[in-house]
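Small disclaimer: the values here were computed from a predicted structure and weren't measured. Excluded from the calculations below are hydrogen atoms, water molecules and symmetry mates; all remaining heavy atoms, backbone and side chain alike, are included.
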Amino acid sequence: MSVVVQFDLFGEVEQKLEERAKRREKEASKPPKPRSASRRKRSTFPGDPNRLAREVAENVIAAWYSHYGGSRIDVPLGTIAALSFFREPLVSDWLLTLEPAQLLPLLREIWGVQWMARPDLIEIARPLHDWVEEDPDEHQLRAVQAVIHTAIYNGLFDLTADDDPYERSEADVLSPLLTGLRHKSDKKWRGEYHTPACVTDLMAEILVLDDDHGPTIREPALGSGGMFRSVAQTLRFRGLDPHDYTWLGNDIDPLATACAAVNAIIWDLGPRTVIWCADSLATADAGLSQALTEREAIIKHRNAVVQQALFERKARRMLHALDSLLNEAAA
């Protein structure tokens, strides 16, 4: 029996978003607690999150190229990004039962729900999900299925599915996947060499120790957001809330910027996160002014879509009530 997944803008999705907002408001009302040293250097599985992230990436890359290959690195990258939005590890059992034809509507729904919550970041992440609006053939969908199975079996959800943003921010899963999928000559031409986590962690410790760092974190060569992850983790470790800070980051590479936008959601950097694709050397403000203008327009468009959806939902209810009254009168 096939399972049909449909993006229900008017019903279930709206309810899920409301429930998520209430949970976040409840959590936000609680003062953040500093992390203990034992929590910081945990020994529970996975013992080395960065190593696990690399292993997941390596196995996903092997699965993709053995089943499909080619230059469409956006497909496996976007698939893993979509899976990283799940916050329930047990969903893996259900995902493993899906047929290739069922995966495309599922991925569309995942990205659609995230667009409702953070349209600004999901628009920046468009290079990762544009392909779901295409018409992939069965061969490509079977490769997507292989990617999903490989990611699950190798522990992706151990890194990304925890409700606690501290736990799911222990490693950047998308960075080794992006750099691994890229051809060596492409990486050399782009100069794309992401800073290792051990280095960004050390830099973040120095930054947060400085009381004059201010409420804004700015990264003009963002990559997939590794520096943001390290700073957010250090803030949480010291009992500070990343939501109290403004995060501004850009990169010249659209795919890297898209990964950073997804990571900003995974790592829960907060509502004052602005990420855009631009050359930091091209303009005086590295494109920040334009990015802020576009972000405002995107959020305004989302709000208009929501208002229209609510209006149509109320109109349908009224028509249904009217039909019921007419039927009763006719009887």
Could you tell me whether the side chain of [X] and the main chain of [Y] form a donor-acceptor pair under 3.5 Å?
X	Y	value
Arg168	Asp162	yes
Trp247	Pro242	yes
Arg87	Thr160	yes
Asn263	Ser224	yes
Ser289	Asp285	no
Arg108	Val132	yes
Tyr166	Ala232	no
Arg229	Ser169	yes
His301	Ala297	no
Ser280	Pro220	yes

Can you find a heavy atom in the side chain of [X] that is under 4.5 Å from one in the side chain of [Y]?
X	Y	result
Val144	Pro100	no
Val199	Met203	yes
Leu177	Val56	no
Thr195	Met227	no

If you measure from [atom1] on [X] to [atom2] on [Y], what distance do you get to the nearest 0.5 Å?
X	Y	atom1	atom2	result
Ser92	Tyr153	OG	OH	9.0 Å
Asn154	Leu52	CG	CG	8.0 Å
Leu107	Gln102	CG	CD	12.0 Å
Leu103	Ile110	CG	CD1	9.5 Å

Tell me yes or no: between the side chains of [X] and [Y], is some donor less than 3.5 Å from an acceptor?
X	Y	result
Asn250	Arg218	yes
Asp201	Ser230	yes
His129	Asp74	no
Thr257	Asp251	no
Trp115	Glu123	yes
Glu170	Gln233	yes

So which atom in Leu181 and which in Tyr65 form the shortest heavy-atom distance, rounded to 0.1 Å?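 What the structure gives for the nearest pair is O-OH, 3.0 Å.
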Heavy-atom closest contact (Thr200 atom, Gly226 atom, distance):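 That closest heavy-atom pairing would be OG1-O, 3.9 Å.
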For Arg142, run the side-chain hydrogen bond (donor to acceptor under 3.5 Å, both in side chains) check against His139, Gln140, Glu138 and tell me which one passes.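 Passing option: Glu138.
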Classify the ring geometry of Trp64 against Tyr68: parallel below 30°, tilted from 30° to 60°, perpendicular beyond 60°.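 The rings of Trp64 and Tyr68 sit tilted, inter-plane angle from 30° to 60°.
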Check step by step if side chain to side chain contact (heavy atoms under 4.5 Å, CB included) holds for Asp268 and His243. CA-CA 8 Å; Asp268 193 24; His243 284 216; 3.0 Å; yes
Does a salt bridge link [X] with [Y], judged by any charged N lying under 4.0 Å from a carboxylate O?
X	Y	answer
Arg54	Glu58	no
Asp253	Arg182	yes
Arg72	Glu134	yes

Linking Ile, Leu, Val, Met, Phe, Trp and Tyr through side-chain heavy atoms less than 4.5 Å apart, which residues share a cluster with Leu292?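 Leu248, Val274, Trp276, Leu288, listed by chain and number.
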Can you sort out the partners of Ala151 under side-chain contact (heavy atoms from CB on, under 4.5 Å), two or more places apart, ordered by chain and number?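 Checked Ala151 against side-chain contact (heavy atoms from CB on, under 4.5 Å); matches are Val60, Ile80, Leu83, Leu156.
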For Ala264, what residues pass the side-chain contact (heavy atoms from CB on, under 4.5 Å) criterion, not counting sequence neighbours?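 Testing Ala264 for side-chain contact (heavy atoms from CB on, under 4.5 Å), a comparison that skips the adjacent residues, returns Leu121, Leu269, Thr273, Ile275.
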